[in-house]
Amino acid sequence: MNFRECDLPGIGRKFVLQTRSGDKLAIIVHDDGRRELYHFEYDDPDQSISMVTLDDDEARYISAIIGGVTYKPRSLESIEVALDDLIIEWYRLEPGFSCVGRTIGELDIRARSGVTIIAVIEKNHTKHISPGPELRLPADCLIVAAGEREQHKQFRHILRNGCG
């Protein structure tokens, strides 16, 4: 995969990727939150063949779908996704963990570990995408978190031991 990004002064930021399958995609994230996605011809990589415009909520929901937050194939449940040093991992919150019933803010997760919680999916399938510090972590939920390897190690410690 080939990936480039650049600033678009007064507009936002542009990301261009060439996939392993040969597709070329361009994504423009506007400063007002809109996203534009462009798909290009195989034979003429300068010719756009489709374009989609998304508002901020739509873009976040689609990224959750693509990123595997809303549905993860069973065969991938124990696989981590790595992007350079950034690792996205899925954690099942066991009922005996000390953090069960506490809020993300009470646990001070980001400050203590450096990990960002991307989503929390409850046992009843309620999804909390980009949850705030007020979210209480229920038992048996699935937590999707992003961070570096050492940060994940500290995050696992916080999940098991809470504030201690």
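Keep in mind it's a predicted model, so treat the numbers as computed, not measured.
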Discussion item. Just verifying a value: how many Å separate His39 NE2 and Gln47 CD, rounded to the nearest 0.5 Å?
Written reply: 12.5 Å
Worksheet entry | ILVMFWY network linking Val52 to Leu17, side-chain heavy atoms under 4.5 angstrom | yes
Worksheet entry | Side chain to side chain, Leu93 and Cys99, heavy atoms closer than 4.5 Å | yes
Worksheet item: Under 3.5 Å, side chain of Gln154 to main-chain N/O of Gln151, donor-acceptor pair present?
Response: no
Worksheet item: Out of curiosity, does Ile28 fall in the hydrophobic cluster containing Phe40 (side-chain heavy atoms, cut-off under 4.5 Å, transitive links)?
Response: yes
Worksheet item: What are the two closest heavy atoms between Ser50 and Ser48, and how far apart are they?
Response: O-OG, 3.3 Å
Worksheet item: Is the shortest distance from a Lys or Arg side-chain nitrogen in Arg92 or Glu94 to a carboxylate oxygen in the other one below 4.0 Å?
Response: no
Worksheet item: Looking only at heavy atoms, which two atoms of Gly12 and Asp31 are closest? And how far apart?
Response: CA-OD1, 3.3 Å
Discussion item. Could you check whether any side-chain heavy atom of Thr103 comes within less than 4.5 Å of a side-chain heavy atom of Pro133, counting everything from C-beta outward?
Written reply: no
Discussion item. Could you check whether any side-chain N or O of Asn161 sits under 3.5 Å from a backbone N or O of His157, counting only pairs where one atom can act as donor and the other as acceptor?
Written reply: yes
Worksheet item: How many angstroms lie between atom CG of Leu137 and atom NE2 of His128, to the nearest 0.5 angstrom?
Response: 9.5 Å
Discussion item. Let me check something: do Tyr38 and Val16 share a hydrophobic cluster, defined by ILVMFWY side-chain heavy atoms less than 4.5 Å apart, either directly or through other members?
Written reply: no
Discussion item. For Phe155 and Ile117: C-alpha separation, side-chain torsions, deciding distance, then whether side-chain contact (heavy atoms from CB on, under 4.5 Å) applies.
Written reply: CA-CA 10 Å; Phe155 180 59; Ile117 294 179; 4.3 Å; yes
Worksheet item: Do Arg34 side-chain atoms and Leu54 backbone N/O form a donor-acceptor pair below 3.5 Å?
Response: no
Worksheet item: Do Val120 and Leu142 come close enough that some side-chain heavy atom pair is under 4.5 Å?
Response: no
Worksheet item: Rounded to the nearest 0.5 Å, how far does OG of Ser98 lie from CZ of Arg160?
Response: 11.0 Å
Fill in: Asp57: partners by side chain to side chain donor-acceptor pair (under 3.5 Å), with sequence neighbours left out
none
Worksheet item: Any salt bridge between Lys127 and Glu122, counting N to O under 4.0 Å?
Response: no
Worksheet entry | Pairwise side-chain contact, His30 with Glu36, heavy-atom cut-off 4.5 Å (strictly under) | yes
Worksheet item: Under 4.5 Å between side-chain heavy atoms, hopping through other hydrophobics if needed: is there a path connecting Phe15 to Ile11?
Response: no
Worksheet item: Please walk me through it: do Ile88 and Val144 pass side-chain contact (heavy atoms from CB on, under 4.5 Å)?
Response: CA-CA 7 Å; Ile88 299 173; Val144 183; 3.7 Å; yes
Item to complete: State whether the side chain of Asp7 and the backbone N or O of Pro9 hold a donor-acceptor pair below 3.5 Å, judged by distance alone.
Response: no
Item to complete: Report yes if the side chains of Ile87 and Arg149 come closer than 4.5 Å at any heavy-atom pair, otherwise no.
Response: yes
Discussion item. Applying ring-ring contact (aromatic ring centres under 6.0 Å, His included), can you list everything that pairs with His152, at least two apart in sequence or on another chain?
Written reply: Tyr91
Fill in: pair Pro95-Asp140: side-chain heavy atoms closer than 4.5 Å
yes
Worksheet item: Between Glu106 and Arg136, does a side-chain contact (heavy atoms from CB on, under 4.5 Å) hold up when you go through it step by step?
Response: CA-CA 9 Å; Glu106 286 174 335; Arg136 280 197 192 284; 3.7 Å; yes
Worksheet entry | Pairing of Glu5 and Lys14 as salt bridge, 4.0 angstrom limit | no
Worksheet item: Would you call Arg35-Asp56 a salt bridge at under 4.0 Å N-O?
Response: yes
Worksheet item: So which heavy atom on Ala119 is nearest to which on Ile129, and how close?
Response: CB-CD1, 4.1 Å
Discussion item. Taking the side chain as everything from C-beta on, heavy atoms only, tell me whether Val115 gets closer than 4.5 Å to Ile158.
Written reply: no
Worksheet item: Rounded to the nearest 0.5 Å, what separation is found between the CG atom of Leu159 and the CD1 atom of Ile109?
Response: 6.5 Å
Practice prompt. Kindly indicate whether the side chain of Leu37, heavy atoms from C-beta on, has any atom under 4.5 Å from the side chain of Leu25.
Written response: no
Worksheet item: Heavy-atom count around Arg110 CZ within 6.0 Å, excluding the residue itself: above 12?
Response: no
Discussion item. Run Leu135 and Arg102 through side-chain contact (heavy atoms from CB on, under 4.5 Å) and show every step you take.
Written reply: CA-CA 8 Å; Leu135 182 71; Arg102 301 182 101 164; over 6 Å; no
